[in-house]
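First up is the structure itself, then whatever we jot down about it.
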Protein chains: 2
Amino acid sequence: MHQQSDNDAAPGPISGGARPGGRGRGRRAGETATRADILSAARGSFAERGYDRATIRGIAGRAGVDPALVIHYFGSKEALFVEALELPQRPGDVVSGGLAAGREHLGATIVRAFLETWDAPATQAQLTAMLRSALTNDTAMDMVRRLLLREVFGPVTRALGVPDAQLRADLVGTQLLGLAMLRYVARIEPVASAPVDRLVRALGPTLQRYLTEDLAAGDDG
Amino acid sequence: MHQQSDNDAAPGPISGGARPGGRGRGRRAGETATRADILSAARGSFAERGYDRATIRGIAGRAGVDPALVIHYFGSKEALFVEALELPQRPGDVVSGGLAAGREHLGATIVRAFLETWDAPATQAQLTAMLRSALTNDTAMDMVRRLLLREVFGPVTRALGVPDAQLRADLVGTQLLGLAMLRYVARIEPVASAPVDRLVRALGPTLQRYLTEDLAAGDDG
DNA sequence: TGATGGACTCAACAAGCGTTGAACACACTG
DNA sequence: CAGTGTGTTCAACGCTTGTTGAGTCCATCA
């Protein structure tokens, strides 16, 4: 259940990284699975219920642990939330990869990368938690903003030479965000279960147009 | 501030519509503005903070009233939420009107109607409240689902003769939902301040394609 | 063995929540 | 005038929340 050994990332309990008293004499900082269990339980709770409705007690119960231990390890609910939602994905991959693959398939490549990233269960839990919490929690909203900026807006505006790159990036953001909401959070059919290929064919040209084609040529109503 | 006289809709305090004891002898059911003030304050609070973070005490304070009075009028927080978010708009207008305007301008017409509905401040508060609460509150999520069904999915699937009408409706839903999230809730620039005409030209062709063109013809990545 | 200190639990705190029931204020009827 | 019912407030209840501090358990090391 615990993803991998986090020997350099996890500072152990609240006291922090470098042990102050030399190599202490007591019990070794036992490589317990508990901390990772709590993180996993937190991701599940935040994804299912959002930040406000997820409780420390609920997370602790899910991990089979006392609520106080959660605070002991992470300091506060907010800090737990931040740590639980740290993304394993390197930034810029989705869109940057798409840009490198050639401009004529840019839209389709972005949609495919986006969907394949989200369809992985571990990532899906983190991003669902982020989205579900974003609308009532400022920290989560900032996370989404930064994620969009890093993953979509930044690479797009950097790569495109056009002057209205920011609006184009925003348009891509609306389409991808709406897709994520319906498919992963609200789980509305048939888009929730549609195969990736079908969505790539449906949404790819949309993003392609937002990024590379003329946006002023639409017909008016 | 109070929109209009609600002589037939407002049943007065909690006892309900028809007075049991004939035309009662006591104080007349004074046409107080308070009830409408509370509703307005509730819409504001729900829109800004979402269902969970909005409190009865906060709404009462905003309306200059005791918290108990809120419960006295509406019975519970949940019931207040439901009543505060009842939409004044007749159902089916947005998409049905677009369908009636001719199929070749369908996409642009829908986007325009959608934006003009939301840009009205009163409606915007209600829909923002609904969206902001939808991800953590089941009632709000049902509202959004029913609204999408009534306003988008239903008319579209009824009007289009194509077999994959449901997926097409979903795709329209993703684009409009994402647009609403970025423009009205997250308020990300430049899409938050873009003029309606510009968005109509940018998004109209997308919806047009989702509704009437061939979706299998997209290029693959 | 005995000391150490980290893993972990227990019981409780203070704050905030939705909600309640009794009460006061007042406009109206008879 | 007395009586009545509505508008409104007050003070409190019961509950849940995040968080705290003291304390227990036990693997490790001198």
Side-chain angles (χ1 to χ4, degrees), chain A residues 10-39 41-42 45-46 49-61 63-82 136-137 139, chain B residues 10-39 41-42 45-46 49-61 63-82 136-137 139:
Chain A
I14 212 174
S15 52
R19 274 183 216 87
R23 324 178 95 263
R25 226 178 308 265
R27 180 189 199 169
R28 291 278 65 77
E31 288 298 316
T32 324
T34 310
R35 209 189 120 97
D37 285 344
I38 294 175
L39 267 179
S45 272
F46 286 136
R49 313 167 66 86
Y51 182 85
D52 291 314
R53 296 267 240 255
T55 67
I56 296 274
R57 284 171 168 83
I59 293 168
V65 153
D66 190 273
L69 192 61
V70 177
I71 298 290
H72 179 240
Y73 271 125
F74 298 93
S76 73
K77 183 184 180 183
E78 185 81 14
L80 169 63
F81 181 74
V82 171
T136 51
N137 182 273
T139 306
Chain B
I14 212 174
S15 51
R19 274 182 215 90
R23 323 177 97 265
R25 229 176 306 267
R27 181 189 199 167
R28 291 276 66 78
E31 288 297 316
T32 323
T34 311
R35 207 189 123 98
D37 285 345
I38 295 175
L39 268 179
S45 272
F46 286 136
R49 313 167 66 86
Y51 182 84
D52 291 314
R53 295 257 239 261
T55 68
I56 295 274
R57 283 170 166 85
I59 293 168
V65 152
D66 191 273
L69 192 60
V70 177
I71 298 291
H72 180 241
Y73 271 126
F74 298 94
S76 73
K77 183 183 181 183
E78 186 82 13
L80 169 63
F81 181 75
V82 171
T136 51
N137 182 274
T139 305

Reported [atom1]-to-[atom2] distance for the pair [X] and [Y], which is rounded to 0.5 angstrom:
{"X": "I59(A)", "Y": "L39(A)", "atom1": "CD1", "atom2": "CG", "value": "9.5 Å"}
{"X": "I56(B)", "Y": "I38(B)", "atom1": "CD1", "atom2": "CD1", "value": "9.5 Å"}
{"X": "D66(A)", "Y": "I71(A)", "atom1": "CG", "atom2": "CD1", "value": "10.5 Å"}

(message) Once side chain to side chain donor-acceptor pair (under 3.5 Å) is applied, do any residues pair with T139(A), and if so which ones, sequence neighbours excluded?
(response) E78(A)

(message) D52(A): which residues meet the side chain to side chain donor-acceptor pair (under 3.5 Å) condition with it, sequence neighbours left out?
(response)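 If we apply the side chain to side chain donor-acceptor pair (under 3.5 Å) test to D52(A), skipping adjacent residues, the hits are T136(A), R53(B).
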
(message) What does the B/S/- profile of nucleotides 12-22 of chain D look like, 5' to 3', with a 4.0 Å heavy-atom cutoff to protein?
(response) B----BBSBB-

(request) Taking the six-membered ring of F46(B) (Phe, Tyr or Trp), confirm whether the NZ or CZ of K77(B) is under 6.0 Å from its centre and within 45° of its axis. (result)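 That pair does not qualify as a cation-pi contact.
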
(message) Just the rounded figure in Å: distance from P of dT6(D) to CG of L69(B).
(response)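 For the pair L69(B) CG and dT6(D) P, the rounded distance is 14 Å.
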
(request) Could you check how far CZ of F74(A) sits from P of dC8(C), rounded to whole Å? (result)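 Result: 11 Å.
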
(message) With a 4.0 Å cutoff (strictly under), does any side-chain N or O of Y73(B) reach OP1 or OP2 of dT6(D)?
(response) no

(request) Return no unless some side-chain N or O of T34(B) is found under 4.0 Å from OP1 or OP2 of dG7(D). (result)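 No.
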
